[in-house]
Amino acid sequence: MPKIGVLALQGDFREHAAALASGGAEPVVVRRPGELAGLDGLVIPGGESTAIDKLARAFGVADPLRRMIREGLPVYGSCAGMILLADTVADPATDRAGNPQQTFGGIDMVVRRNAFGRQVDSFETDLDFAELDRLPGVPDGGRADPVHAVFIRAPWVEGVGPGVEVLASVEVAGRTDPGAGRGVARIVAVRSGMLLATSFHPEVTGERRIHQLFIQMIRGEA
Ligand SMILES: NC(=O)CC[C@H](N)C(=O)O
């Protein structure tokens, strides 16, 4: 059974731990650098990327984690977790001294925080999610059911580098992006090697397939 850490500094780590357990993995709470040892993968939860960044640095987790990501640790980040996996944040928050928030990085992408608007602009929608078509249970050549995705002050991905695969997009025109023309699609899920990131929160809806996909990636089956 793969041992998958859940970074539990802030955010909805309990929901991720439950999703991993129901997908056949052993979730392990990670708050200290020593708890990173021996993991087959790690989940960075949704929450607040600035808080997770600050706490990760304060607890001494940020540097070792950054190194482990570079060395190939499989990581799945949802929402704030997606921001923390981005090499570049388009509009980083700054602390009182004017220092921008930091990320662990790993995915060659630019994310924009709170891109869909404020808390009141949070929304739910059904998405096609490319890689789920290959999960067990979906007939060859068949399509998986859409993912019911919950976006809570979510980021979107503004640009990806070569080697980053876009797994899902959402159309934003009219709803949250008055500047954009109708039909503008924003990237909300990506994969880059062993790194997976979604703008939305599968862990809060009972959706288990994204965690299943991540577990399969770790097993070398996806
Ligand atoms: N639901 C979430 O994880 C929100 C992310 C949050 N807006 C951030 O910048 O970290």
Side-chain angles (χ1 to χ4, degrees), residues 4-20 27 29-31 42-59 61-62 65-66 69 75-96 98-107 109-127 129 147-160 167-170 172 175-177 186-191 195-207 210-211 214:
I4 304 182
V6 183
L7 191 61
L9 297 169
Q10 189 267 338
D12 69 341
F13 51 88
R14 289 180 195 83
E15 287 80 356
H16 277 288
L20 289 169
V29 166
V30 173
R31 291 196 180 91
L42 180 79
V43 170
I44 306 175
E48 177 52 49
S49 56
T50 52
I52 298 174
D53 161 39
K54 247 191 210 152
L55 292 167
R57 284 190 272 153
F59 280 59
V61 169
L65 181 52
R66 209 168 273 134
I69 293 173
V75 184
Y76 166 45
S78 74
C79 203
M82 170 188 256
I83 296 167
L84 286 156
L85 283 176
D87 283 347
T88 310
V89 181
D91 53 346
T94 48
D95 64 17
R96 283 202 193 89
N99 301 309
Q101 70 181 112
Q102 296 178 22
T103 68
F104 308 129
I107 303 183
M109 64 178 173
V110 180
V111 297
R112 183 170 294 279
R113 298 175 63 223
N114 306 331
F116 293 97
R118 299 184 305 154
Q119 189 79 16
V120 292
D121 299 313
S122 298
F123 66 100
E124 303 183 17
T125 191
D126 287 333
L127 292 177
F129 196 100
V147 170
H148 187 70
V150 176
F151 294 83
I152 306 166
R153 286 203 309 128
W156 67 42
V157 179
E158 283 198 356
V160 294
L167 302 181
S169 301
V170 73
V172 293
R175 177 171 39 219
T176 53
D177 188 11
R186 295 293 186 178
I187 300 167
V188 294
V190 296
R191 176 175 177 179
L195 304 176
L196 178 70
T198 62
S199 304
F200 55 88
H201 293 269
E203 72 280 7
V204 303
T205 56
E207 171 63 69
I210 312 291
H211 291 80
F214 182 53

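In listed order, ligands and their atoms are each counted from 1.
- Checked by distance only, ligand 1 and Ser78 stay at 3.5 Å or farther apart across all their nitrogen or oxygen atoms.
- Remark: ligand 1 atoms within the under-4.0 Å shell around heavy atoms of Glu48 are 6 (C), 8 (C), 9 (O), 10 (O).
- Ring geometry, Phe200 versus Phe129: the interplanar angle exceeds 60°, so the pair is classed perpendicular (tilted spans 30 to 60°).
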**OP:** Could you walk me through whether Leu85 and Ile69 pass side-chain contact (heavy atoms from CB on, under 4.5 Å), step by step?
**Re:** CA-CA 9 Å; Leu85 283 176; Ile69 293 173; 4.0 Å; yes
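- Atom 5 (C) of ligand 1 has its nearest heavy-atom neighbour, among Ser49, Gly47, Ala154, in Gly47.
- Close N/O approach between Thr50 and ligand 1 is not found [any backbone or side-chain N/O within under 3.5 Å].
- By the criterion of a heavy-atom distance under 4.0 Å, the side chain of Ile83, and not its backbone, is placed next to ligand 1.
- By the 30° and 60° cut-offs, the orientation of the rings of Phe151 relative to Phe123 is parallel.
- Closest to atom 7 (N) of ligand 1 among all protein heavy atoms lies Asn114 OD1, 2.5 Å.
- Atom CZ of Arg14 is surrounded by 12 or fewer heavy atoms from other residues, nucleotides or ligands within 6.0 Å.
- Ligand 1 has no N or O atom lying under 3.5 Å from any N or O atom of Gly46, backbone or side chain.
- In this structure the side chain of Cys79 reaches within 4.5 angstrom of the side chain of Pro155, judged on heavy atoms.
- Ligand 1 has no N or O atom lying under 3.5 Å from any N or O atom of Cys79, backbone or side chain.
- With Gln10 contributing its side chain and Glu48 its backbone, the two residues share a donor-acceptor pair below 3.5 Å.
- Cation-pi geometry between Arg186 and Phe116 is not satisfied (NZ or CZ under 6.0 Å from the ring centre, within 45° of the ring normal).
- The side chain of Arg113, and not its backbone, has at least one atom closer than 4.0 Å to an atom of ligand 1 (non-hydrogen atoms only; side chain from C-beta on).
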